[in-house]
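Reminder, nothing fancy here: chain letters follow the sequence lines and each chain counts from 1.
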Amino acid sequence: MSTVAIAPESALMPKRHYANVRHSVASWLLTTDHKRIAILYLVSITLFFAVGGFFAMMVRLELLTPKGDLLDGDTYNKMFTLHGIIMIFFFLIPSIPAVLGNFLIPLMVGAKDLAFPKINLFSWYLYIIAGVVAVTALVKGGVDTGWTFYTPYSSTYAKTEVFLAVSAAFVAGFSSILTGLNFIVTIHKMRAPGLTWFRLPLFVWAHYATSLIQILGTPIIAITLVLVAVERIWGKGIFDPSLGGDPVLFQHMFWFYSHPAVYIMILPGMGVISEVITCFSRKRIFGYEFIAFSSLAIAIVGFLVWGHHMFVSTQSTYAGMVFSFLSFLVAVPSAIKVFNWTATLYKGEITFEAPMLYAFGFIGLFTIGGLTGLFLAAMATDIHFHDTYFVVAHFHYVMVGGMVMGFLCGIHYWWPKMTGRMYPPLLASIAAALVFVGFNCTFFPQFVLGYLGMPRRYHEYAQEFQVLNVMSTAGASILGLGYFIPGVYFIWSLFWGPVAGPNPWHAKGLEWQTTSPPPTFNFEEDRPIVVEEAYAYSIEGAESVS
Amino acid sequence: MSHSSDSLVAHHFEDIEQQNESAVLGMWLFLAQEIMFFGGLFAVYLVYRYKYPEAWAAGSTDLDIVLGTVNTVVLLVSSLTMAMAVWSAQTGRQKGLVRYLLATLVLGSTFLVIKAFEYYAKFVHHHVPGASFSFHSEHFPNADEGHVQLFYCLYFIMTGMHALHMVIGAGLLIWLITLALKGKFGPDRFMKVELTGFYWHFVDIVWVFLFPLLYLINRHH
Amino acid sequence: MSQHVVPPSVYVKVFGGLTILMILTWVMAFVNLGVFNPVVAVTIAILKALLIVLFFMNVKYSSRLTWVFVAGGFFWLLILFFMVMPDYLSRDWQAPVQPW
């Protein structure tokens, strides 16, 4: 590998860039610069991650012992509900798109900004309003329906702040829709000259697919939540069994969005991994077109599978069979990605920087998460596993092992671009290892617990499950430490980190051709013109640099 | 988008064509979102109409078909005036633009006033879902009261969401009229009028489906 | 694409078509067609929607990209309908579960 040429700091760090053109608070809160909005999102989702993490900690602490000695049943219900709502609607869904996507998509397509900068800012405000409403619900006593808001827990039998929580998810949904809308228009209409569709970074393809789901899926949950809210107001409503209403219809409507929403959460992570794997293998990615189209395939087929959440909820068996079959189909494009990443590594000149470690973690953990999903997609095994810790483990392998790993991977990869400074590499690698170890200690025992039949969402459990639960809680504390360390060194690096220069990883792509941090309008000169294919890495080329 | 009112092209676009195409595409994506938003209600409607056809016929027959029809005509005419407003902007007819926008606004408000009268009648007859709901049909004695209440839930939510969109549309029209009076539109700058037109026509389309599905079930009884 | 100016005569004709279709849907509602009543009603509504989308909303004169997204929006709605309904259509096919 080449070493960074030693140059005076002033040459590598631009005097004026997007973050220091203005300093007032208003210049941040009223900015229409996509990069500043990305930073606003980064700060806000990190706060919500901490809040959601706190609830996770309470859940894990309670489960240390078989008896409910820390929390009573009602409080425990609120804890896992708030953990779910905050992590999903306020961390996972906006995480990569609203932070990295916002920051990088205009840079990657060589544009000065997203197509609708004011709408971009507006969607951040929607997110914050939703966040305030969610926190209000929390302060006023919380919610205990589970993050899924299933009727009739959320309607006939609701005693908690369902209305506020539902409103928060509703507003957050529109924030997500507007972000997706902005991305699609930008990708269609604002690409630099020469940047054809098949020269786009796969990160952009992944976000395109994500945005499609956001636009076509989110409205359904919005209207469904309106129906629940109206039922709370009138006392009678659409899903009320006493009128002949069908609570299972709520589940159909809910999962029509919320299953594709899983792909809203994972597809951007896959986009990050595609960038990082090819960069640190110094090799053009294997099967570019397949990865690009598999993103779209996941987005489309992902809409046809939601019924696998409802195998045991009086859904017709025949409908279940169709959904089960289609669910197996989604595994195909996901597997295509995993195979292509692995093939990219083959004969690559691999280096083990922190982002690459996270990428390796992603591939392994996502594969476990994906394959265990097949047990849940098969109707016969699902009847045993449904509502056990097996589901919890599967879900967290995809969402935490996949998406949070992907997010950390992306943040570590583009941090020098966002801030112009480097973090301590050794500490970053140690943190990555801690996250990996802690994660597996936390969630692998839960597969076993679920297999043994421990149901989820109870604050008490049978004595024989304690050993595995203690392991899980111990793992969670390692995981928590692993998340805490990056927070510390990132803040440290803002002030004292070594200057990174425009392209510390010798990576390809337009975002690396401008200064770090980029100027307000992204590129100093006129728009860049693209003349080469994406990921034109060559192992020889990398050697000749050094 | 632009900061200075004189510059037609915002800083981040290359030219006016790119800006206009982006705006049109963005609006269509927003409308795709709207299709799904209302579509969710139609899906619920479909399921319950399949399950409870008798109650649906009973509830529908009780709606005021005269007011519903008048409102349909009002909305169709308003779509025509909106289309004419866009045409006026495109061809630089300033007075025509203001008049057609005003006409659209008046028609939209008429729709809302008629809708309010319909709601009021339902309220008086205890057809609003909730504790005080009561319903008896002479034509459909077998219709279950609970099922009819489901119909009315959907009736109010569907037409209510539609009316909410009309109110937002009326707000947009007022905004356009103030801009038109200042002479802000012309053959080279009519995007705001055109996009508001898209929105207005979309809301009209929703009503095109709502009218037969809510008002015209089993009218041959 | 959006520069295309549609003459008012087209708008008036389309409006005429919409009015005729509205009268038609009204009349058909009072004729007993059995199960075909809703089919006819929805078909007429789709025709009206097509007229509005193609002419009032200029899609007829728009780029292919617009066509794709307009069609995509409606297609996704069909996915919702066609994947929800089989559950309700086939729920009664199963033999009731015997309590043990």
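Counting only heavy atoms from C-beta outward, the side chains of Trp26(C) and Arg219(B) never approach each other to under 4.5 Å. Side-chain contact check for Leu216(B) versus Thr25(C): some heavy-atom pair is nearer than 4.5 Å. Using a 4.5 Å cut-off on side-chain heavy atoms (C-beta onward), Phe42(B) and Phe81(C) make contact.
Taken from CG in Leu46(B) to CG in Leu80(C), the straight-line distance is 9.0 Å, to the nearest 0.5 Å. Residue Met36(B) holds its CE atom at 7.5 Å from CD1 of Ile79(C), rounded to the nearest 0.5 Å. The distance from the CG atom of Leu51(C) to the CG atom of Leu76(B) is 10.5 Å, given to the nearest 0.5 Å. Atom CD1 of Ile52(C) is separated from atom CG of Leu80(B) by 11.0 Å, given to the nearest 0.5 angstrom. The structure places CD1 of Ile205(B) at 11.0 Å from NZ of Lys48(C), a figure rounded to the nearest 0.5 Å. Within the model, atoms CZ of Phe198(B) and OG1 of Thr66(C) stand 7.5 Å from one another, a figure rounded to the nearest 0.5 Å.
In terms of heavy-atom pairs under 4.5 Å with chain C, the best-connected choice from Gly197(B), Pro53(B), Gly39(B), Pro212(B) is Gly39(B). The residue among Val86(B), Asp204(B), Leu213(B), Ile65(B) with the most heavy atom pairs within less than 4.5 Å of chain C is Ile65(B). Listed options Ala43(B), Gly40(B), Ala23(B) were ranked by heavy-atom pairs under 4.5 angstrom with chain C; first place goes to Ala43(B). Of all the listed residues (Val77(B), Asn218(B), Ile217(B)), the one sharing the greatest number of non-hydrogen pairs under 4.5 Å with chain C is Val77(B).
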- Message: Could you walk me through whether Met22(C) and Val73(B) satisfy the side-chain contact (heavy atoms from CB on, under 4.5 Å) test, starting with their C-alpha distance in whole Å, then the side-chain angles of each, then the deciding distance to 0.1 Å, before giving a yes or no?
- Response: CA-CA 8 Å; Met22(C) 197 210 75; Val73(B) 176; 3.8 Å; yes
- Message: Before you tell me yes or no, could you show the steps for Leu89(C) and Tyr50(B) under side-chain contact (heavy atoms from CB on, under 4.5 Å), namely the whole-Å CA-CA distance, both residues' side-chain angles and the distance that decides it to 0.1 Å?
- Response: CA-CA 9 Å; Leu89(C) 296 171; Tyr50(B) 167 76; 3.5 Å; yes
- Task: Show the numbers, then the answer: is there a side-chain contact (heavy atoms from CB on, under 4.5 Å) between Asn58(C) and Glu194(B)?
- Result: CA-CA 10 Å; Asn58(C) 284 344; Glu194(B) 175 152 16; 3.2 Å; yes
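Looking at Tyr215(B), there are no atoms closer than 4.5 Å to chain C (heavy atoms on both sides), in backbone or side chain. Contacts between Phe55(C) and chain B at a heavy-atom distance below 4.5 Å are absent for every atom of the residue. For Leu21(C), no part lies under 4.5 angstrom from a heavy atom of chain B. With a 4.5 angstrom heavy-atom cutoff, Ile44(C) does not touch chain B via any of its atoms.
Within the 6.0 Å centre-distance limit, the rings of Phe56(C) and His201(B) are counted as a close aromatic pair.
The environment of NE2 in His139(B) is sparse: at most 12 heavy-atom neighbours from other residues, nucleotides or ligands sit within 6.0 Å.
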